[in-house]
Amino acid sequence: MKAAALLLAGSMALAACASDETDGGGGEGGGSAAEELQVGLAYDTGGRGDRSFNDSAYTGASTAVDDLGGELQELSPNDDASNRADLLTQLAEQGYDPVIAVGFNYDEVIAEVAPQFPDTTFAQVDGSNADGAKGDNVTGLIFAEEEGSFLAGVAAALKTETGHIGFVGGVESPLIEKFEAGYVAGAQAVNPDIIIDRQYISPAGDFTGFNDPARGQIVAQGMYDAGADIVYHAAGGSGIGVFTAAAASGGRAIGVDSDQYLTVSDPALQAVIMTSMLKRVDNAVEQFITSYSEGDVEGATDVLNDLSTGGIDLATSGGFIDDISGEIDSYKQQIVDGTIEVPTTIE
Amino acid sequence: MSRTSAVLRRIGFALFGPLLAVVVALAISAVVIALIGEDPLTAFQVMVDLGDTPSQQVQSIVVILNRAVPLFLAGLAVAVAFRMGLFNIGVEGQYRLATILAAAVGAAIVLPGPLHVLVVVLVAMVVGALWAGIVGVLKVTRGVSEVISSIMLNFIALGLSSYLLTGPLRGSPPGASIITTAEIPESGRFPSLNGLLTGLGLAAPRSGLYGFLLVAAVAGVLVAVLLKRTRFGFDLRATGLSPSAAAASGVDARAMVVKTMLISGAIAGLIGLPDLLGSQFDYGTEFTAGLGFLGIAVALLGRSTPLGIALAALLFAFLDRAALPLQFADIPSSVVTIIQGTIVLAVVVANEIARRLALRSAERAGAAADAGPAGGGTGGGAPPATGPDGGRRVRTGVPDTPEDVQA
């Protein structure tokens, strides 16, 4: 075993000696490009290709870099995401600026790393820095998910034929509870007596619930079997299971984050997606990079994306909710006006 | 003369497996890298490049060591049970439950420095041991397979720690996105070894080298001594090799099962502590999960010996760190996952090949030396020879006994 490791190390060291040119190239790139935009993007568990918020952040960042010119460097964490701090440190150390962390799991890590690089601008998707506790150079890109979920609840309550709807959360966590709270409030605003089944796929601390279609399907199937006809999911990759259950039981489902009517590839599943609660992480990231390039980023503040900014919305693809668009728009207006205050936590 | 050649042969066979595995894994990975259109040589170069400046290099080494410490402890916990022929899949649940309770106790009490840390460590070990002990007791009293019960207890442990975290032990404010326990005060934290690094004339790294490295090293030495130099260790290994032979020679197999699970669980309890006491200071929803399962791979790769596990943990940690530079070089980091997977797979296959070769050679040697008195006692199996050959016994004195206890 020892010899094996030695041999491995030795062969690799030899390989390393063979050429240093890639390092040199990278170093120059980092040093000389003061003018050029160098965006660093650090993903959360799952990394690129999760068809969820990591991909959405990439879309926004790549659009911005395409428009403004420059370079985009993405980093995915290891399987258990134990190296989040390392991702941020490496990006900042290599001269990437701004550095954008995706996901609330970066909360503690960004607060440690950002102060070590006072000249680098950081942003965190889904993490607030309104009080500046994470450092003066960190901007929070946050979303009013409860507002969009409220509209999803309104749509579900208006469209249900059984007076019985459902909610499937991915992982029991404060973030997903915002979705739940808004959805429940919206449904009850339409029909105070509506029955709402609510269930989470995995408990707090176990992130498998965001990527487990099989369990998503079981949970949703239980709701359809119990009489629910519309189920809203805030469960990332597990949502496909919810759609499958909807298709199997002749029910309907509400998607989340992106317009899932457009992103789902299977036509049978597409047919059950009544609408989706849009959380435009891509827009938020794109806008942040744009305002950074224009020198408009202050730090120690939050950029709130909600119904009024268009960062949160309800999708209409498929035309399933066209007949109730008047009511939805009126609720939307009341939320934007502040007439309706949407709760962010479940009582 | 034949003794030295036998030793050499044994060492040769012991090294052959892992060596072959690593070479095969590297070859397969090179093919995969080439297939996705990248240059394998560039990829391997990037992986061994620790950084340009001394401080970056030291930082890379610290990152590797900090990752290796929990992996080592996880491998050790799994290996102790392995050697006894027990497959403790419950390490995951044991360390998660142990960590959250240790974190809660650490935050709740105030004691002078070293004592505070000691209490946290003891709580973690006791919780891990008790949780693993359930598996042992179920096995000896009800005959429940430890594989089944430890998997089931994982689910219970995860659910329980989630309940504790969101309920009674919640220390984070209501609005926070990450739910954590209360933070452990300064006196309960394990100091970093950065002073040692700078003392050795190395550049100061950006993050702290876990002081828990020392605890892990001590644990490794203790386990090595326990297995190789004590009556208990001998009984343990003998039971692992042949439960019936061990029982015939007077080993109380039932007590051994419970004791082994207690030790395995106590070590499992330590897995979360390097992170808890070295950098996190609380247990939260984002606390590293899955180390218990990685430990199985590490133990397998290290052939269940403390030294082997240390090297395996370092290799895994090294590969883990390499995932970042690879991404900077625009090579998908999944290359690392592929290498890790193929190494483990190749080790299993190579171990089997090495074992058969060794067995054949031992048979030949045994036939040649049949007249001589070299065979050793007949009853309880010959005292296992030293050497890093891990869980696989190649010469048990009864050459044609099928060995089926290993996972």
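Labels below follow one simple rule: chain letters A, B, ... track the order of the sequence lines, proteins then strands, and each chain is numbered from 1. If you're wondering where the values come from, they're calculated on a predicted model, not measured in any experiment.
- Remark: R67(B) engages D80(A) in a salt bridge, criterion side-chain N to carboxylate O under 4.0 Å.
- Within the model, atoms CZ of F328(B) and CD of Q90(A) stand 5.5 Å from one another, a figure rounded to the nearest 0.5 Å.
- Looking at R48(A), neither its backbone nor its side chain comes within 4.5 Å of chain B, counting heavy atoms on both sides.
- With a threshold of 4.5 angstrom between heavy atoms, A176(B) approaches chain A through N, CA, C or O but not through any side-chain atom.
- Summarising the geometry of P174(A) relative to S177(B), their closest heavy-atom pair is CD-O, 3.6 Å, with the distance given to 0.1 Å.
- Between chain B and the options D206(A), D86(A), L91(A), the largest number of non-hydrogen pairs under 4.5 Å is found for D86(A).
- T285(B) places no side-chain N or O within donor-acceptor distance of the main-chain N or O of A204(A), the cut-off being under 3.5 Å.
- Here I179(B) contributes atom CD1 and E172(A) contributes atom CD; the two are 7.5 Å apart, rounded to the nearest 0.5 Å.
- For the pair S82(A) and T288(B), the tightest heavy-atom approach, listed with the atom from each and the gap, is CB-OG1, 3.5 Å.
- Within the 4.5 angstrom heavy-atom criterion, no atom of L326(B) approaches chain A.
- For Q73(A), the part lying near chain B is the side chain, with the backbone staying farther off; criterion is any non-hydrogen pair under 4.5 Å.
- The minimum heavy-atom distance between G205(A) and R96(B), with the atom names listed, is O-NH2, 3.4 Å.
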Enumerate, atom names and distances included, each donor-acceptor pair closer than 3.5 Å involving a side-chain atom of residues 106-116 of chain A, sequence neighbours excluded.
residue : atom : partner : partner atom : Å
Y106(A) : OH   : Y43(A)  : O            : 2.6
D107(A) : OD1  : Q124(A) : NE2          : 2.9
D107(A) : OD1  : K134(A) : NZ           : 2.9
Q116(A) : OE1  : R206(B) : NH1          : 3.2
Q116(A) : NE2  : E112(A) : O            : 3.3

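- A distance-only check finds no donor-acceptor pair linking the side chain of E93(A) to the backbone of Q56(B) [under 3.5 Å].
- Evaluation of the side-chain contact (heavy atoms from CB on, under 4.5 Å) rule for V65(A) yields V39(A), L72(A) as partners, not counting sequence neighbours.
- If you measure heavy-atom distances from T89(A) to chain B, the contacts under 4.5 Å come from the side chain alone.
- Each of T345(A), T45(A), L87(A), N83(A) has some count of heavy-atom pairs under 4.5 Å with chain B, and the biggest count is that of L87(A).
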